[in-house]
Peer 1: 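Before we start, here is the structure in question, set down as structure tokens.
These numbers were taken from a predicted model, which means no experiment stands behind them.
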Amino acid sequence: MKQAINTKGTVIVAGFPGVGKTWCVNNIGKYKMLDSDSSEFSWLYNEKKEKTDVRNPDFPENYIHHILENLGKYDVIFVSSHDVVRKALENNSIPYVLVFPEDTKDNKLHYISGYMKRGSSEAFCSLIYDNWTNWIQEMKMETWPVQYILGSEDEPAKQNLYAVLDDIVDVNKDYTDVKE
């Protein structure tokens, strides 16, 4: 097994859309947290700082660089759970926690409803709806990250990131200072 890098006391959390990353940053003062939106790195922007429909050829390397630059500055960095980001984290030996919902019909409907309430586009909602089971099953198969599955039948009270954040930080702080 490869050696993880030293994350300088920062816990990196890759969270499925809608688990509560932004909510935690905006509502919990207990930890210093960064909500690192991958869309700022995965798309090119024009001279007016407006997002274009052209993918950034430097993604995900530019995103990984951003994460590495912020190690030690935050207790928690929330990052995207996209497959290319997860693979890049692993390829760079960056330990992370993967948080995603259990694959149930109730969870699927709950999350889609949440996306609509927060104003996500119909295209985004359809993308998640159509890929829900495949993406969650892919996440369950991963062996590099520590996994937290929300809303499982075993622990139904753990429905969102807020419910497990203390546990994630407490447990994973032990693994953030790996000797290089």
Side-chain angles (χ1 to χ4, degrees), residues 1-45 49 51 55-56 58-101 111 114-115 118-120 124 128 135-136 138-139 142-151 155 157-180:
M1 185 167 164
K2 61 183 151 186
Q3 182 72 33
I5 69 160
N6 182 335
T7 62
K8 303 174 185 174
T10 299
V11 177
I12 299 163
V13 177
F16 194 82
V19 296
K21 300 180 296 288
T22 303
W23 188 93
C24 285
V25 169
N26 292 334
N27 294 283
I28 299 174
K30 183 175 182 178
Y31 304 108
K32 187 172 180 184
M33 296 179 279
L34 174 64
D35 189 3
S36 187
D37 184 352
S38 66
S39 68
E40 296 174 16
F41 299 88
S42 62
W43 298 100
L44 291 179
Y45 288 77
K49 306 277 189 211
K51 185 172 85 169
R55 286 284 184 184
N56 187 332
D58 296 329
F59 183 77
E61 292 81 16
N62 59 347
Y63 192 50
I64 295 299
H65 179 74
H66 164 74
I67 293 166
L68 291 170
E69 281 183 330
N70 283 290
L71 294 179
K73 297 176 184 175
Y74 296 91
D75 298 311
V76 180
I77 299 176
F78 294 118
V79 301
S80 166
S81 65
H82 286 102
D83 58 349
V84 295
V85 171
R86 297 188 324 261
K87 184 51 75 181
L89 289 167
E90 181 177 353
N91 288 343
N92 286 278
S93 300
I94 302 170
Y96 70 99
V97 178
L98 181 58
V99 179
F100 57 95
Y111 276 76
Y115 303 144
R118 74 180 190 187
S120 295
F124 176 83
I128 300 287
W135 287 347
I136 290 176
E138 287 173 5
M139 290 180 191
E142 297 208 12
T143 58
W144 177 252
V146 173
Q147 295 183 4
Y148 280 79
I149 302 174
L150 303 175
E155 299 185 272
K158 295 183 177 181
Q159 290 290 333
N160 56 49
L161 182 57
Y162 174 74
V164 297
L165 187 60
D166 285 338
D167 188 40
I168 287 172
V169 172
D170 291 345
V171 169
N172 292 285
K173 279 280 189 186
D174 295 338
Y175 300 102
T176 60
D177 293 319
V178 177
K179 301 295 179 220
E180 297 186 61

Peer 1: Closer than 3.5 angstrom, by distance alone: can the side chain of Thr10 be matched with the main-chain N or O of Gly72 as a donor-acceptor pair?
Peer 2: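 Such a contact is found between Thr10 side chain and Gly72 backbone.
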
Peer 1: If you measure from CD on Glu40 to CZ on Phe59, what distance do you get to the nearest 0.5 Å?
Peer 2: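 Rounded to the nearest 0.5 Å, the CD-CZ separation comes out at 11.5 Å.
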
Peer 1: Against the six-membered ring of Trp43, is Arg55 placed for a cation-pi contact (under 6.0 Å from the centre, within 45° of the normal)?
Peer 2: yes

Peer 1: Do Ile67 and Val79 have side chains that get closer than 4.5 Å, going by heavy atoms?
Peer 2: yes

Peer 1: Measuring only between side-chain heavy atoms, which start at C-beta, is Pro60 closer than 4.5 Å to Ser42?
Peer 2: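 They are not in contact (no side-chain heavy atoms under 4.5 Å apart), so the answer is no.
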
Peer 1: Under the 3.5 angstrom rule, does the side chain of Asn92 hit a backbone N or O of Ile94 as a donor-acceptor pair?
Peer 2: no

Peer 1: Taking the side chain as every heavy atom from C-beta outward, state whether Ile168 and Val13 have any atom pair closer than 4.5 Å.
Peer 2: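 Yes. Closest side-chain heavy atoms under 4.5 Å.
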
Peer 1: Is the closest side-chain heavy-atom distance between Val11 and Tyr31 below 4.5 Å?
Peer 2: no

Peer 1: Could you tell me whether the side chain of Gln147 and the main chain of Glu142 form a donor-acceptor pair under 3.5 Å?
Peer 2: yes

Peer 1: Measure the spacing between OG of Ser81 and CH2 of Trp135 and express it to the nearest 0.5 Å.
Peer 2: 8.5 Å

Peer 1: What pairs with Trp23 under ring pair (Phe, Tyr, Trp, His ring centres under 6.0 Å), at least two apart in sequence or on another chain?
Peer 2: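 Partners of Trp23 under the ring pair (Phe, Tyr, Trp, His ring centres under 6.0 Å) test: Tyr162.
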
Peer 1: Hey, does the Lys NZ or Arg CZ of Lys51 hover above the aromatic six-ring of Tyr45, less than 6.0 Å from the centre and inside 45° of the axis?
Peer 2: no

Peer 1: Search all heavy atoms of Val85 against all heavy atoms of Ser80 and return the closest pair with its distance.
Peer 2: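 Closest approach of Val85 to Ser80: CG1-O, 3.5 Å.
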
Peer 1: Less than 4.0 Å between a side-chain N and a carboxylate O, is that true for Lys30 and Asp166?
Peer 2: yes

Peer 1: What's the separation between atom CD1 in Ile149 and atom CD1 in Ile136, rounded to the nearest 0.5 Å?
Peer 2: 9.0 Å

Peer 1: Decide whether His65 and Glu61 meet the rule of one side-chain donor and one side-chain acceptor closer than 3.5 Å.
Peer 2: no

Peer 1: List the steps and the verdict of side-chain contact (heavy atoms from CB on, under 4.5 Å) for Trp144 and Tyr96.
Peer 2: CA-CA 8 Å; Trp144 177 252; Tyr96 70 99; 3.4 Å; yes

Peer 1: Mind running side-chain contact (heavy atoms from CB on, under 4.5 Å) on Leu161 and Phe78 for me, showing each step along the way?
Peer 2: CA-CA 11 Å; Leu161 182 57; Phe78 294 118; 3.3 Å; yes

Peer 1: Distance check, rounded to the nearest 0.5 Å: His82 atom NE2 versus Ser38 atom OG?
Peer 2: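 One gets 5.0 Å once the value is rounded to the nearest 0.5 Å.
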
Peer 1: Would you call Leu150 and Val99 a side-chain contact if the rule is heavy atoms closer than 4.5 Å?
Peer 2: yes

Peer 1: Are Met33 and Asp75 packed together at the side-chain level, in the sense that at least one heavy-atom pair is separated by less than 4.5 angstrom?
Peer 2: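 Side chain of Met33 against side chain of Asp75, heavy atoms only: no contact under 4.5 Å found.
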
Peer 1: Measure from the side-chain N and O atoms of Asn56 to the backbone N and O of Leu44, and report whether any donor-acceptor pair falls under 3.5 Å.
Peer 2: no

Peer 1: For the pair His66 and Tyr63, name the ring-plane relationship: parallel under 30°, tilted 30 to 60°, perpendicular over 60°.
Peer 2: parallel

Peer 1: Would the distance check show the side chain of Asn70 and the main-chain N or O of Lys73 forming a donor-acceptor pair, the cut-off being under 3.5 Å?
Peer 2: no

Peer 1: Quick one: closest heavy-atom pair of Pro17 and Arg118, and the distance?
Peer 2: CB-NH2, 4.3 Å

Peer 1: Is the closest side-chain donor-acceptor distance between Thr22 and Asp35 under 3.5 Å?
Peer 2: yes

Peer 1: Between Lys21 and Val25, is there a side-chain heavy-atom distance shorter than 4.5 Å?
Peer 2: no

Peer 1: Which distance, rounded to the nearest 0.5 Å, do you find between the OH of Tyr74 and the NZ of Lys32?
Peer 2: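 Rounded to the nearest 0.5 Å, the OH-NZ separation comes to 5.5 Å.
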
Peer 1: Does any part of the side chain of Pro101, heavy atoms only, come nearer than 4.5 Å to the side chain of Phe16, both counted from C-beta?
Peer 2: yes

Peer 1: Evaluate Val76 against Ile12 for side-chain contact (heavy atoms from CB on, under 4.5 Å), listing each step before the verdict.
Peer 2: CA-CA 6 Å; Val76 180; Ile12 299 163; over 6 Å; no

